[in-house]
Amino acid sequence: MQKKEKIYEGKAKIIYSTDDPDHLILYYKDDATAFDNTKKGTIVDKGIMNNAISSKIFQLLSQNRIPNHFVEKLSDREMGVKKLQMLPVEVLVRNVVAGSLAKRYGMEEGTPLKRTILEFCYKDDSLHDPQCNEDHLLVFGWCTDQELINIKNYSLRVNDFLVGFFDSLGIRLIDFKLEFGRFKGDLLLADEITPDGCRLWDKKTGEKLDKDRFRRDLGGVEEAYKIVYEKVLNS
Ligand SMILES: Nc1ncnc2c1ncn2[C@@H]1O[C@H](COP(=O)(O)OP(=O)(O)O)[C@@H](O)[C@H]1O
Ligand SMILES: [Mg+2]
């Protein structure tokens with residue numbers, strides 16, 4: 001896969017085209033943002049750790065027959081992926097009350113949910129990624145009926161796999177964000193699965209091992225990412 005020109009720079013990654021029109025390269029940066037881009041910073045070596053974590057998880061998901069965009073890890077910070085037509089949708093998969101769910105409904109963070117909750121957001125920074133429901137997704141044409149069925153099915157299967165995977169590493173998977181896209185008529189899981197978009201708590205101590213350390217100025221951000229990185233890579 002030969003890198004060509006930069007086609008997009010996002011908050012956490014840069015996208016490059018390649019010599020193959022069906023492939024892209026995702027370059028993972030150290031930049032960190034939170035609260036709608038109002039908080040900005042750097043997490044040293046985050047790009048390297050997130051690329052490694054994400055690559056490993058996508059490989060495991062492929063082995064578990066969850067269709068996804070991953071092709072190969074190309075370098076420390078670069079991942080080769082299939083070029084998708086992204087759906088403008090973020091899927092939030094929640095096992096335990098945290099973050100915006102706690103705030104919105106006045107619930108205590110850490111309360112286990114009796115079953116997994118899926119939430120949807122319309123991915124548009126200028127609108128601040130507003131929350132939406134299944135009707136919005138369908139009526140506004142952000143996905144088809146069949147895609148919605150697949151999105152929900154894949155999200156729950158990813159959750160089942162990841163809950164067990166992180167549990168085996170001594171980590172509780174509280175919640176996480178997924179993105180999907182279309183590739184030659186198929187719906188594929190895309191983007192990244194990293195501590196940027198997952199809430200991961202140490203099973204024994206409850207210590208946060210994810211981007212909440214950056215959001216909430218808890219300190220030890222790099223150390224937390226490194227713990228997840230080492231556990232995932234040594235699994
Ligand atoms: N396989 C893919 N094909 C096309 N676009 C993708 C793919 N995987 C992820 N993306 C998109 O690439 C961008 C990744 O960069 P990121 O820094 O996360 O951007 P953003 O700030 O928009 O979230 C996202 O907009 C994401 O939707
Ligand atoms: Mg992103």
*Asks:* So that I can tick it off, tell me whether Asp202 and Arg172 are bridged by a salt bridge, with the cut-off set at under 4.0 angstrom between side-chain N and carboxylate O.
*Replies:* no
*Asks:* Considering only heavy atoms from C-beta outward, does the side chain of Phe183 approach that of Pro67 to under 4.5 Å?
*Replies:* no
*Asks:* Less than 6.0 angstrom from the centroid, inside 45 degrees of the normal: does Lys6 satisfy that with respect to the ring of Tyr16?
*Replies:* no
*Asks:* Answer yes when Lys73 and Glu78 have at least one side-chain N-carboxylate O distance shorter than 4.0 Å, and no when they do not.
*Replies:* no
*Asks:* Search all heavy atoms of Leu187 against all heavy atoms of Tyr154 and return the closest pair with its distance.
*Replies:* O-CE1, 3.5 Å
*Asks:* Looking at Cys132 and Trp142, what are the two nearest heavy atoms and their distance?
*Replies:* SG-CZ3, 4.0 Å
*Asks:* Establish, from distance only, whether the side-chain atoms of Thr144 and Gln146 form a donor-acceptor pair under 3.5 Å.
*Replies:* no
*Asks:* What I want to check is whether the side chains of Tyr28 and Ser54 have a donor and an acceptor closer together than 3.5 Å.
*Replies:* yes
*Asks:* Ile53 and Tyr225: which non-hydrogen atoms are nearest, and at how many Å?
*Replies:* CD1-O, 4.5 Å
*Asks:* Does CD belonging to Glu223 count more than 12 external heavy atoms closer than 6.0 Å?
*Replies:* yes
*Asks:* Between Leu200 and Ile174, does a side chain to side chain contact (heavy atoms under 4.5 Å, CB included) hold up when you go through it step by step?
*Replies:* CA-CA 6 Å; Leu200 303 166; Ile174 304 303; over 6 Å; no
*Asks:* If only side-chain N and O atoms count, and only distance matters, is there a donor-acceptor pair under 3.5 Å linking Asp30 with Thr42?
*Replies:* no
*Asks:* Counting C-beta onward and ignoring hydrogens, is there a side-chain heavy-atom pair between Val232 and Phe166 closer than 4.5 Å?
*Replies:* yes
*Asks:* Output yes when Glu134 and Lys152 qualify as a salt bridge under the 4.0 Å nitrogen-oxygen rule, no when they do not.
*Replies:* yes
*Asks:* Could you check whether any side-chain N or O of Ser168 sits under 3.5 Å from a backbone N or O of Phe165, counting only pairs where one atom can act as donor and the other as acceptor?
*Replies:* yes
*Asks:* Would the distance check show the side chain of Glu109 and the main-chain N or O of Gly99 forming a donor-acceptor pair, the cut-off being under 3.5 Å?
*Replies:* yes
*Asks:* Please confirm whether the backbone N or O of Glu230 pairs with a side-chain atom of Asn234, one donor and one acceptor, at under 3.5 Å?
*Replies:* yes
*Asks:* Looking at Arg104, I want to see if its CZ is surrounded by more than 12 non-hydrogen atoms of other residues, nucleotides or ligands under 6.0 Å.
*Replies:* yes
*Asks:* Under a 4.0 Å N-O cut-off, is there an ion pair linking Asp217 with Lys39?
*Replies:* yes
*Asks:* If the threshold is 4.0 Å, N to carboxylate O, is there a salt bridge linking Arg199 and Asp175?
*Replies:* yes
*Asks:* Can you list the steps and then say if Ile7 with Leu24 is a side chain to side chain contact (heavy atoms under 4.5 Å, CB included)?
*Replies:* CA-CA 9 Å; Ile7 54 177; Leu24 293 174; 3.6 Å; yes
*Asks:* Can Ser126 and Asp124 be counted as having a side-chain donor-acceptor contact under 3.5 angstrom?
*Replies:* yes
*Asks:* Mind checking whether Leu74 and Met1 have side chains closer than 4.5 Å, heavy atoms only?
*Replies:* yes
*Asks:* Is there a donor-acceptor pair closer than 3.5 Å between any side-chain N or O of Asn68 and the backbone N or O of Ile66?
*Replies:* yes
*Asks:* Given salt bridge (Lys or Arg N to Asp or Glu O under 4.0 Å), test Glu222 with Lys226 step by step and report yes or no.
*Replies:* CA-CA 6 Å; Glu222 280 88 358; Lys226 188 141 183 269; over 6 Å; no
*Asks:* With salt bridge (charged side-chain N to carboxylate O under 4.0 Å, His left out) as the test, pick out the partner of Lys46 among Asp76, Asp31, Asp210, Asp196.
*Replies:* Asp196
*Asks:* Are Ile151 and Leu84 in one and the same hydrophobic cluster, where Ile, Leu, Val, Met, Phe, Trp and Tyr link if side-chain heavy atoms are under 4.5 Å apart?
*Replies:* no
*Asks:* Honestly curious: do Leu60 and Met49 fall in one hydrophobic cluster under the side-chain, below-4.5 Å linking rule?
*Replies:* yes
*Asks:* Check whether any side-chain N or O of Asp19 sits under 3.5 Å from a backbone N or O of Lys3 as a donor-acceptor pair, and report yes or no.
*Replies:* no
*Asks:* CG of Leu26 to NE2 of His69: how many Å apart, nearest 0.5 Å?
*Replies:* 6.0 Å
*Asks:* Among Lys13, Lys211, Lys177, Lys29, exactly one meets salt bridge (charged side-chain N to carboxylate O under 4.0 Å, His left out) together with Glu192. Which residue is that?
*Replies:* Lys13
*Asks:* Are any side-chain N or O atoms of Arg94 and backbone N or O atoms of Glu119, one a donor and one an acceptor, separated by less than 3.5 Å?
*Replies:* no
*Asks:* In the single-linkage hydrophobic clustering (I, L, V, M, F, W, Y; side-chain heavy atoms under 4.5 Å), do Val44 and Ile227 co-cluster?
*Replies:* no
*Asks:* Check for me, please, whether Leu137 and Val139 land in the same ILVMFWY cluster - side-chain distances under 4.5 Å, paths through other members count.
*Replies:* no
*Asks:* Between His136 and Asn133, is there a donor-acceptor pair closer than 3.5 Å when you use the side chain of the first and the backbone of the second?
*Replies:* yes
*Asks:* Is there a side chain to side chain contact (heavy atoms under 4.5 Å, CB included) between Leu188 and Phe70? Walk through the geometry before answering.
*Replies:* CA-CA 9 Å; Leu188 304 184; Phe70 182 77; over 6 Å; no
*Asks:* Tell me whether Asp212 is salt-bridged to Arg216, with the criterion being a basic N under 4.0 Å from an acidic carboxylate O.
*Replies:* yes
*Asks:* Would you please say whether a donor-acceptor pair under 3.5 Å links the side chains of Ser235 and Lys56?
*Replies:* yes
*Asks:* Return the OG1 to CG distance between Thr194 and Asp191, rounded to the nearest 0.5 Å.
*Replies:* 8.0 Å
